There are 2 protein chains.
Amino acid sequence: MRAASIKDVANHAGVAVGTVSNVLNYPDRVAPQTRERVLSSISDLGFVRNDAARQLRAGRSRTIGLIVLDIGNPFFSSLSRAAEDAAATGGRAVVLGNSGHDAQRESHYLDLFEEQQVQGVLISPVANVSERLRALTARGTKVVLVDSRADDGGFSSVSVDDVQGGHLATRHLLELGRRKIAFIAGPQSLRQVRDRLEGARQAVGEFPDATLEVLDAAEMSVLAGRTVGDLLVERGLAELPDGVFCANDLLALGLMQSLTMLHTLRIPEDVALVGYDDIDFAASAIVPLTSIRQPAALIGQTAIELLLEQLESEATVPRSVVFKPELVVRGSTSGK
Amino acid sequence: MRAASIKDVANHAGVAVGTVSNVLNYPDRVAPQTRERVLSSISDLGFVRNDAARQLRAGRSRTIGLIVLDIGNPFFSSLSRAAEDAAATGGRAVVLGNSGHDAQRESHYLDLFEEQQVQGVLISPVANVSERLRALTARGTKVVLVDSRADDGGFSSVSVDDVQGGHLATRHLLELGRRKIAFIAGPQSLRQVRDRLEGARQAVGEFPDATLEVLDAAEMSVLAGRTVGDLLVERGLAELPDGVFCANDLLALGLMQSLTMLHTLRIPEDVALVGYDDIDFAASAIVPLTSIRQPAALIGQTAIELLLEQLESEATVPRSVVFKPELVVRGSTSGK
DNA sequence: TCGTAATAATGAATCGTTTCAAAAGAAGGA
DNA sequence: TCCTTCTTTTGAAACGATTCATTATTACGA
């Protein structure tokens, strides 16, 4: 029992295959009664268009590939949702790939998307993939970097000024009078992490009596944050930083868990804490978390718009959009 | 500048197209030196297999479609990640569709996946789609229900016993001495919500002096929880329930925000609170949240396994796997 | 040297659409 | 009736990879 093809429909309706195709793609070209006859044959036979054949003939699919660092991170899930919606209004579908900070999986998704001849790729890269992306564009696939910037302006990109974000967060701690600052870093291979650190460095540099310590976390998750927290507490109270800036909210939440629950430190009295991303859960944390807000949905939507722009008008120069981050003050630094 | 095809590679290497195809699919059938020559032509020309052509010929793609209710919900993102991993080991890729509780988007993704001739569909349905799914299977696409059960055993499924989960949560509240129980429901069109409520009803029925009140939330999000919380507080303290069970953790976190921050109620003293899903953030809430744990990753992995099972051996009967939920007690009910 | 068997390479046919030049049909005017 | 114009329908060609029956090549023993 083979699926019905356009030829079966044509036979059933007593017309030529070209007519069936026209009914599907240019209904106005077909006389109303013929059209009706074909449509009822389609539903009689349960005909479903074969996208592979369509794509083969058209030379391109109607989908856009999106590769994110971590779909479990609310920042990215919100971004993806907005991208999907924006693409849908442009008549395209988004297929989502989750690299999970794994370069191999990232590369695997790039392969897959290229074989599927997606119209374009939105990617928030793990590894240095500029070579691969360049090859992709050379073969006609449009690329937009998301939450990342092209060093050489070779690609369109949508990002947030993470240096400024790091600066905002750290200056906030310093203005509260904190001087022993710690930055909890995720993998420094990530540009986001490096930029946020750079911003923190700049801010600390503006206060001569302040110090900055950098602590590495294995990944940017709640669990990793907890691990760093446990490590920190082992030092004893005197050795603790009094202001901590985490590379993202997940780390901050984990740290908070460790400090307040396992060890009975007070936030913000003993340690003031700032996260990054302002995910929904930041506001409902044990101590509501001060954070840096990034417009996740806006980023996703804008990225699709840049891509569509490139698709519509053939030769457009790459554009980079940079959004400004925003400090959201809550209990973890304000002491109510 | 057209992308290189298998024919271009054949010309460049001075062999027939069939030989190139063999190099790609059955390398052993080709003499080593020929193979090398072809491979170097492939990299010279930057040849990338055209998946559409491959699929057209093969009659099926190598992808599996996954439609989830809400990718922003950590339960589903964790489920998806596990499904992707499991599929990758089986040589398949997962494409993710997020219905966002929207029947139209769900239907749209079903269309898309069917046109793409995915090997199978994993779906956590919003609307009643059994008719559509039946049609899908009739045309040869395998279907596995996720976090949902087929009423009539027509499909394989992986789920958690939500009635039991609702019972566990509610009995816990009752055993703490609470008697005015409220259930914060999400959309009752969802089987999950109905089942959890049913479990709550059963538990309340076992305590003759207990009452159950059902409050509806527009959606299962933090925001909706906050709205219900505000509504609840307007009644005044005497009218409040003393035990609240929420249809999921997001609702519970929103409720918690509203009760503790805007209105100064104490959890668990004034109101004991239980959520559902045990997402990562439950443990790091203002008051760590008691919840019902569902093995999200295991569900995703098992769903893929059931699907692969159906794909390998043609005529297998549908199987249903039901996992048991687990009560995780934290501060929101235990009073430290 | 010849014959046989094993190994390697070939290339036409196929999958299901879309496209488009050409043919057929309809309508109207002279 | 014939010609023109406009609308509708036709069906072969093309997209690019895979398959498989056929042909070519090689190796080896007699």
Side-chain angles (χ1 to χ4, degrees), chain A residues 1-39 41-42 45-63 111-112 114-119 139-140, chain B residues 1-39 41-42 45-63 111-112 114-119 139-140:
Chain A
M1 189 214 59
R2 210 177 81 279
S5 78
I6 212 175
K7 207 180 284 180
D8 301 322
V9 175
N11 286 339
H12 188 270
V15 298
V17 291
T19 304
V20 178
S21 174
N22 281 334
V23 169
L24 295 170
N25 300 296
Y26 310 94
D28 315 341
R29 291 193 194 162
V30 179
Q33 50 199 4
T34 316
R35 196 191 313 148
E36 287 313 316
R37 199 145 37 91
V38 170
L39 286 174
S41 293
I42 286 178
L45 299 176
F47 166 76
V48 174
R49 247 202 192 91
N50 181 328
D51 199 49
R54 197 141 109 98
Q55 231 174 270
L56 174 58
R57 179 65 233 231
R60 285 245 138 253
S61 76
R62 292 160 304 133
T63 56
D111 287 342
L112 183 71
E114 186 161 17
E115 291 192 359
Q116 293 188 342
Q117 327 242 141
V118 294
Q119 295 199 338
R139 288 183 212 123
Chain B
M1 190 215 60
R2 212 179 79 280
S5 79
I6 211 174
K7 207 179 282 180
D8 301 322
V9 174
N11 285 339
H12 188 272
V15 297
V17 292
T19 305
V20 177
S21 174
N22 281 333
V23 168
L24 294 170
N25 299 295
Y26 310 94
D28 314 341
R29 291 193 193 162
V30 180
Q33 50 200 3
T34 314
R35 197 193 311 149
E36 287 312 318
R37 199 144 40 89
V38 171
L39 287 174
S41 293
I42 286 178
L45 299 177
F47 166 76
V48 174
R49 247 203 194 90
N50 181 328
D51 200 50
R54 195 139 105 104
Q55 231 175 269
L56 174 57
R57 180 66 236 235
R60 285 244 136 255
S61 77
R62 292 160 303 133
T63 55
D111 286 341
L112 184 71
E114 184 161 17
E115 290 191 0
Q116 293 188 343
Q117 327 242 145
V118 295
Q119 295 200 336
R139 287 181 212 123

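Worth saying up front: this structure is predicted, and the values here are computed from it rather than measured. Order of the sequence lines sets the chain letters (A, B, ...), proteins ahead of strands, with each chain counted from 1. Excluded from the calculations below are hydrogen atoms, water molecules and symmetry mates; all remaining heavy atoms, backbone and side chain alike, are included.
In this structure, A:Gln117 contributes its side chain and A:Gly59 its backbone to a donor-acceptor pair below 3.5 Å. Of the possible polar contacts, none joining the B:Arg60 side chain to the B:Gln55 backbone as a donor-acceptor pair under 3.5 Å is found. A donor-acceptor pair is defined here as one N or O able to donate and one able to accept, closer than 3.5 Å; no such pair exists between the side chain of B:Arg139 and the backbone of A:Ala3. In this structure, B:Glu115 contributes its side chain and A:Val48 its backbone to no donor-acceptor pair below 3.5 Å.
Going from atom CZ of A:Arg62 over to atom P of C:dT17 covers 13 Å, rounded to whole Å. Nucleotide C:dC20 holds its C1' atom 11 Å from the OH atom of A:Tyr26, rounded to whole Å. Atom CZ of B:Arg35 is separated from atom P of C:dA8 by 9 Å (rounded to the nearest Å). Nucleotide C:dA8 holds its P atom 17 Å from the CG atom of B:Asn25, rounded to whole Å. Distance CD1 (A:Ile6) to P (C:dC15): 15 Å, rounded to an integer number of Å.
DNA chain D is contacted by both A:Ala53 and A:Thr19; A:Thr19 maps to the nucleotide lying nearer its 5′ end (nearest heavy atom per residue). Across the interface with DNA chain C, nearest-nucleotide mapping of B:Ala31 and B:Leu56 shows B:Ala31 to be the residue nearer the 5′ end. Each of A:Ala4 and B:Gln33 was matched to the nucleotide of DNA chain C holding its nearest heavy atom; the match closer to the 5' end belongs to B:Gln33.
Contact of the A:Thr34 side chain with the A:Thr19 side chain is registered, since non-hydrogen atoms from C-beta on lie closer than 4.5 Å. Proximity of B:Leu24 to B:Ile42: side-chain heavy atoms (C-beta onward) are separated by under 4.5 Å at one or more points. Within the 4.5 Å cutoff, no side-chain heavy atoms of B:Ser5 are placed close to those of B:Asn50.
First and last contacting nucleotides of DNA chain D toward chain B (any atom under 4.0 angstrom from a heavy atom, 5' to 3' order): D:dG16 to D:dT19.
Here C:dT14 is the nucleotide among C:dA8, C:dT14, C:dT10 with the atom lying nearest to any side-chain atom of B:Arg57.
Using a 4.0 Å heavy-atom cutoff across all strands shown, B:Val15 reaches sugar-phosphate atoms only and no base atom.
Not a single donor-acceptor pair, N or O on each side, falls under 3.5 Å between the base of C:dT17 and the side chain of A:Arg54.
Look at A:Ser21 and you'll find a side-chain N or O under 4.0 angstrom from OP1 or OP2 of C:dT18. Phosphate proximity of C:dT17 to A:Asn50: absent, as no side-chain N or O sits under 4.0 Å from OP1 or OP2. Side-chain N/O atoms of B:Thr34 include one lying less than 4.0 angstrom from OP1 or OP2 on C:dA9.
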